[in-house]
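Below you'll find the structure, written out as structure tokens, and then a few comments.
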Amino acid sequence: MNRMLALVLTWVVVSMISLLCFAEAPMYNNVTLVPHTKEKIYEIKNSNAERRNGEIKRVHKHHKRRKIHHQQYSTMRCRRGADEYSPSHTSVCEFNNVCWDHQQHSFIFFQPPAAPEARLATLRGTVTLREALQDKNNYFVNLRRVEAKNNVPLPLQIVAKHFPANTMEYDGAPVHVLFQSYWPENFGHAILDDVMPVYAMMKIFNRFSRGVQVMTLAEMTGILGQWSRESGVAHTRSRKFLTQFVSLISNRTIIEMSRTEKFSHSRIGQYVCFRHLLVGGGYLGLTYDRGFVISEFVAYMLESAKEKSLEVKRAIEAPIEQQQIVVIKKVGRRSVLNIEDIHQRLVLAYPNANVLLLDPSRIPLNEQIAIAQRTTVVFTPCGGISYFALFLRAQASAVISGYWNPGTKRSHNMEFMTWQYFDRITTLYYDVQQPEITIEPPGNVTRRNPDDYRDYGALTLDPARFLPLMATAVGLSGDALGLHGHQTAENE
């Protein structure tokens, strides 16, 4: 009797533990998820030579490839797209136990032959997963930022069978994230349209891991793919930006599936399979209400950069003892024509401050972050270059110039949706006036097109309006950081 009671109690305890271990958000097809093995991160003690180079090395112990269990099927769960099925709102999804077929260039979703097809509740009614995937006007999963002409749908086929276990093998990472870059030729787009959605997807599905394998379906060239390859410069810049930023959230090198050998053939079959594959992310970029994640994402990148670079570590940990004013010099579109004059005026106005004229494109990312962490006030034109301000120390100030919109006849700010959520710093705006704008080729001022002003409008700052705005920013950061006596301009 006692033995029987012990067996019953053991069964009850094991059942309760199993329910807790496999508790997940609702899954389609009601198939239990196979849990992944926790990753192991190892710190390496650096030699003196490595420390002199300013780098702290971290390595990830890669998982061994694992065989797939027999009679196993695919599952999925999605967010947002299951509720808002429209051209401007696509899904971000987690697929479990799916495979990449390198012969068909498609992912394979395995479901039981007798099971009903997975169904999705949308604004148009209930549709099957197959119907959603075939709808060319409303992509169910978009791998790139949502813009109709630039959609990249997820290639996915549904097959009614279980895994042929002897011919497939899991890739070794604990979680994979698949996306397609939007416009990584631009510093800002690379951070917030590409890398932040990768981070956000892991947080949404509770799959965050430094061992994440980030993948792109095609090359890292974004929507300007052909132009990038022809220009060379932008193509190189794309790879540099994505490689640098992905390295701050992952210990693995980003993979381009179209160029990587293991996705063109497998030593044991035609498939590479994934336990946890996160896809989509198109709506999580610059067009998304990012309040829930942007500050956390930036804080994580700063902490990661601190671990990887002694230069960044010293800059973050050192106290701020004087004002440092950085004037961003933009080369190309949306430049400030009198930026050197503005820099010299600030040097004369703030003799107790360190006033720098900086072209961020000419220095490595770690050095940019280190400079930003020592900066109390930055002036920057709008556009992707303004995201230098993401790395400012908390309570610093940023002055951002906008662009003139001939339709509304007032100044607009391109990144307002980002800065309204990013409350670590104080943001001030220089309102542009139409006479301050010079439309440069290939823009055409006679068209009075807002895009000409936004994309090709070079700005001449008015010192009489600009310098008082900078004085306000210097005062705010000086008070917040306790730099009394350093925040007043010389001529006041």
query = Hey, mind stepping through L467 and L346 against side chain to side chain contact (heavy atoms under 4.5 Å, CB included) and telling me if it holds?
reply = CA-CA 8 Å; L467 292 177; L346 291 171; 3.8 Å; yes

ask   = Below 4.0 angstrom, N of the basic side chain to O of the carboxylate: do E340 and K329 qualify?
value = yes

task = Check whether any side-chain heavy atom of F391 sits under 4.5 Å from a side-chain heavy atom of I191, and report yes or no.
result = yes

From M470 atom CE to I342 atom CD1, the distance as rounded to the nearest 0.5 Å = 9.0 Å

ask   = Would you say the side chain of L178 lies within less than 4.5 Å of the side chain of T216, judging by non-hydrogen atoms?
value = no

ask   = Taking atom CE of M414 and atom CD1 of I400, what is their separation to the nearest 0.5 Å?
value = 11.5 Å

task = Report yes if the side chains of K308 and N366 come closer than 4.5 Å at any heavy-atom pair, otherwise no.
result = no

ask   = Heavy atoms, side chains only, cut-off 4.5 Å: are R77 and F205 in contact?
value = yes

ask   = Mind checking whether S477 and T426 have side chains closer than 4.5 Å, heavy atoms only?
value = no

message = Is there a side-chain contact between L358 and I363 in this structure, where contact means two heavy atoms from C-beta onward sitting under 4.5 Å apart?
response = yes

message = Aromatic contact between F379 and Y430, with the criterion being ring centroids under 6.0 Å apart: yes or no?
response = no

message = Can you see whether T418 engages Y387 through a side-chain donor-acceptor pair at a distance of less than 3.5 angstrom?
response = yes

message = With rounding to the nearest 0.5 angstrom, report the NZ to CD distance, K313 to E303.
response = 8.5 Å

message = Working to the nearest 0.5 angstrom, can you tell me the gap between M202 CE and I249 CD1?
response = 5.0 Å

inquiry  = Please evaluate residues Q323 and V474 with respect to the criterion side chain to side chain contact (heavy atoms under 4.5 Å, CB included), reporting the C-alpha separation (whole Å), side-chain torsions for both, the decisive distance (0.1 Å), and the verdict.
reply    = CA-CA 8 Å; Q323 291 275 8; V474 171; 3.5 Å; yes

query = Just by modelled atom types, is the N352 backbone N or O under 3.5 Å from a matching donor or acceptor in the Q322 side chain?
reply = yes

inquiry  = Let me confirm one number: the CZ-CG distance from R210 to L248, rounded to the nearest 0.5 Å.
reply    = 9.0 Å

inquiry  = Quick check: do F179 and V214 have side-chain heavy atoms less than 4.5 Å from each other?
reply    = yes

key: Check: T375/Q324 side-chain N/O donor and acceptor closer than 3.5 Å   = yes

query = Are the side chain of Q368 and the backbone of P360 linked by a donor-acceptor contact shorter than 3.5 Å?
reply = yes

key: Parallel, tilted or perpendicular: rings of W419 and F422 (30°, 60°)   = perpendicular

inquiry  = Determine whether D455 and R334 satisfy the following criterion, side chain to side chain contact (heavy atoms under 4.5 Å, CB included), listing intermediate values before the conclusion.
reply    = CA-CA 6 Å; D455 295 339; R334 291 191 296 271; 3.7 Å; yes

ask   = Which atoms form the tightest heavy-atom contact between S295 and D423, and what is the distance?
value = OG-OD1, 4.1 Å

task = Would you please indicate yes or no on a ring centroid separation below 6.0 angstrom for Y199 and Y300?
result = yes

note = Here the gap from L357 atom CG to I325 atom CD1, rounded to the nearest 0.5 Å, amounts to 12.5 Å

task = Find out whether P197 and F297 are in side-chain contact, i.e. whether some heavy atom of one side chain is under 4.5 Å from a heavy atom of the other.
result = no

